[in-house]
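Below you'll find the structure, written out as C-alpha cells, and then a few comments.
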Amino acid sequence: MIPSFLVSPKVKNLLMIFLFLSTSLIAEAAKNGVSLEYLLAAYLANHREIQALTIQLQQQHLSLESTRNSQGIDITLSTGIFSLGSSQVRGEPSISISMPRLNGTYLEARVPLQFDLEDNAAAKSSSQENASVLQGASLTVGTEILGNRGKSAELSVLKSERSLQEAQRRIQNQALAVEKEFYSTIKDLYSSYAHLLNLQNSVYTKELDLAILQAQGYGPTSTRYRTTQMEVLTNQRNVDKAQRSFQRELELFSQKCGLEADSLSITDFAPSGEILAATKILEELPVKGIESFTTMESAQWSLSLAELEERADSSVTLSAEAGYTYKGQAASSGASDTINGALVLKALGGTISTGVSVPLSGEEKNPAAQLSLTWSPNDMKNQSIQKQQRQLNLELAKLKIQEAEESYSQAMEETLLTWEDLLWNRQVAKEERELYQQLAQDTTSLFNQGMTTETEFKQANTNRDRAQIQCEIADLELIIHYIATRQLFIPEEN
C-alpha cells in the first residue's frame with residue numbers, strides 16, 4: 001500500500017476525500033512490524049482539522065450555488081395587493097425577470113385586475129370585461145448599455161468558484177501537512193530512542209571504567225572507585241529518566257493513532273525503507289514548473305482579479321428602459337396607451353435622467369419629456385479615490401509576481417541542495433550501520449567464546465541498534481522532505 005502523498009492528491013469527489021484518506025490507506029500489518037500505512041490512516045482518521053475542512057468545503061459548495069442563483073436568471077411572481085370593496089375586487093399581480101449577468105437586463109409585466117360585484121356586472125359585454133381586466137397593464141424592459149453590472153455579476157461568480165477551489169485545496173494541503181506531521185513524529189520518536197541508547201552507552205562506558213579499576217586493585221573504599229561508581233548510578237538515573245520521557249511520547253503517539261496507550265513499541269514499526277522501496281521517492285523529487293508553484297499561482301490569481309476588478313468597475317454607466325402601458329377602456333375618457341422610454345447616465349458623481357412618454361391614442365397627442373440632474377462632489381471624489389486604490393492594487397499584484405519568481409528560484413535551489421544532502425546522509429548512515437552490524441557480530445562471537453566482557457557485548461549491540469535507528473531517521477527525512485516539496489506546489493487536479 002502506497003502512502004496517500006504519493007498517489008493522486010485529488011480524488012474525483014473531494015467531499016469524500018476524508019473518507020478516502022481514512023479507509024483506502026488502511027492495510028494489513030506488515031510481517032516484520034506495524035505497517036506505517038495503517039498507522040497513517042488511523043492518524044488521519046483521528047485528525048479533527050480535516051473533518052472541519054470537509055464541512056467547510058460543503059459550506060462553500062452551498063455558497064457557490066447561492067451566488068450562481070443570485071447572479072443568474074431570477075423570476076419573481078407577485079400577487080400585488082388585492083383590495084375587496086362593496087362593489088369591486090381590485091388587484092395588481094406582476095411578474096419580473098432579472099438577468100444580472102446579461103448587463104442587468106430585466107423584464108417586468110403588471111396586469112391590474114378589477115371585477116365588479118354589483119348585479120349589473122353580468123350585463124357587461126365580454127369585450128368590456130376584457131378591457132376592464134387589462135386596463136392599466138404595463139410591460140417594461142430595461143438594460144445597461146454601458147457599465148459594469150454584467151462584469152460585476154461574472155466577477156462575483158468567479159470569486160465564489162475560486163473560494164470553492166481554495167477550500168478543496170485546503171483539504172488536500174492539510175492531508176499532506178498531517179502526513180508530514182505523522183512522519184516527523186515518528187522521526188522524533190526515533191531520535192528520542194537514539195538519545196536513550198546514547199545514555200545507555202554512557203552507562204556501559206562507566207561500567208567498563210569501574211571494571212578496570214577493580215582489575216587495578218581499587219576497592220569500594222577507594223575514592224576513585226566510589227566516584228566512578230557514583231557516575232554509573234548517575235548515568236543510570238539519566239537513562240531511567242529518558243526512558244520515562246520516551247515512553248510518554250510513544251503513548252501519546254499511540255493515542256493519536258486511535259490505539260491503546262501501551263499498545264506500541266519502537267520495535268513494532270516496520271522499516272520506513274519499505275516505503276522508499278515501494279515508491280519512486282528516490283528516483284526524483286516532485287518538482288514542477290513555476291506556474292504550479294503555490295506562491296506564483298496565488299500571485300497570478302491576485303493579478304487576474306485586480307485586472308478584472310479594474311475592468312469591471314466603470315466610472316461611466318448608461319442604462320435604458322422602455323415600456324408600454326395599455327389604458328384600454330379608459331381611452332374613451334381621454335386616456336391613451338403610451339410608449340415610455342428612459343435613459344440614465346452616471347458619471348463624475350453626477351446623474352442625468354431623461355424620460356419620454358409618447359401617447360398612441362386618446363385626446364392627448366403630444367409626447368411628454370422629463371429631465372433630472374443630480375451631482376455630488378463627494379461621490380466624484382470617492383470614485384477618484386477608488387480608482388487610485390484599484391491601480392495601486394494592480395501594481396501591488398505585479399510586485400507579488402516578481403516576488404514569487406524570486407521565491408521559486410530560491411525554493412528550488414534550497415530544495416535540491418537539501419535533497420542531495422539527505423541522500424548523502426542516508427548513504428553514510430547505511431555504511432555506518434554495516435560497520436556496526438559487523439562489529440556486533442564479531443563481539444557476539446567473542447563473547448560466546450568468553451573472550452570479551454558482557455558490558456562490551458551490550459555496548460556493541462547498542463551501537464548496532466543506534467546505527468539502525470539513524471538509518472530509519474535518514475529514510476524518514478527523505479520522506480518528510482518529499483512531502484515538503486509537494487507542499488510547495490498546488491495540488492494536481494484530475
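Start at 1 with the first residue, then count along the sequence. Note that these values count all heavy atoms, side chains included, but never hydrogens, waters or copies made by symmetry.
- At least one donor-acceptor pair closer than 3.5 Å links the side chain of T185 to the backbone N or O of E181.
- Under the rule for a salt bridge (Lys or Arg N to Asp or Glu O under 4.0 Å), K381 has no partner lying at least two apart in sequence or in another chain.
- Residues N173 and Q487 share a closest heavy-atom pair of O-NE2, 4.3 Å.
- Looking at T105 and T143, their side chains do bring a donor and an acceptor atom within 3.5 Å of each other.
- Applying the ring pair (Phe, Tyr, Trp, His ring centres under 6.0 Å) test to residues at least two apart or on different chains, none of the pairs has a partner in residues 379-402.
- When the side chain to side chain donor-acceptor pair (under 3.5 Å) test is applied to E154, the partners found at least two apart in sequence or on another chain are R101.
- Applying the ring-ring contact (aromatic ring centres under 6.0 Å, His included) rule to F489 yields no partners; only residues at least two apart in sequence or on another chain are considered.
- Summarising the geometry of I266 relative to L250, their closest heavy-atom pair is N-CD2, 3.9 Å, with the distance given to 0.1 Å.
- Here R170 pairs with nothing under the salt bridge (Lys or Arg N to Asp or Glu O under 4.0 Å) rule; sequence neighbours left out.
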Run the side-chain hydrogen bond (donor to acceptor under 3.5 Å, both in side chains) test on S192 and E249 for me, step by step, so that the C-alpha distance in whole Å, both residues' side-chain angles and the decisive distance to 0.1 Å come before the verdict. CA-CA 9 Å; S192 296; E249 292 179 33; 3.0 Å; yes
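- No side-chain heavy atom of C257 sits less than 4.5 Å from a side-chain heavy atom of Y38.
- Take F182 and apply the ring-ring contact (aromatic ring centres under 6.0 Å, His included) test, not counting sequence neighbours, and it matches Y43, F253.
- Looking at every heavy atom in both residues, P359 comes nearest to T338 through CA-CG2, 4.0 Å.
- By the salt bridge (Lys or Arg N to Asp or Glu O under 4.0 Å) test, K187 pairs with E477, sequence neighbours left out.
- Sorted by first and then second residue, the side-chain hydrogen bond (donor to acceptor under 3.5 Å, both in side chains) pairs with a member in residues 283-301 read R162-E297, R169-E297; sequence neighbours excluded.
- Taking E405 as the reference, I290, M296, I401 meet the side-chain contact (heavy atoms from CB on, under 4.5 Å) condition, with sequence neighbours excluded.
- Annotation: side chain of N425 is not in contact with side chain of L423 (no heavy-atom distance under 4.5 Å).
- Residue pairs meeting the ring pair (Phe, Tyr, Trp, His ring centres under 6.0 Å) criterion with at least one partner in residues 368-388, sequence neighbours excluded, are absent.
- Nearest heavy-atom pair, W419 versus L282, reported as atom, atom and distance to 0.1 Å: CZ2-CA, 4.4 Å.
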Checking E414 against Q410 for the side-chain hydrogen bond (donor to acceptor under 3.5 Å, both in side chains) test, could you report, in this order, the C-alpha distance in whole Å, the side-chain angles of both residues, the deciding distance, and whether it holds? CA-CA 6 Å; E414 293 177 355; Q410 182 178 356; 3.1 Å; yes
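- Nearest approach of A175 to I50, heavy atoms of both residues: CA-CD1, 4.0 Å.
- Applying the side chain to side chain donor-acceptor pair (under 3.5 Å) rule to Q60 yields no partners; only residues at least two apart in sequence or on another chain are considered.
- With sequence neighbours left out, the salt bridge (Lys or Arg N to Asp or Glu O under 4.0 Å) criterion links E161 to R68.
- The aromatic rings of F293 and Y408 sit perpendicular, their planes meeting at an angle over 60°, well past the 30° parallel limit.
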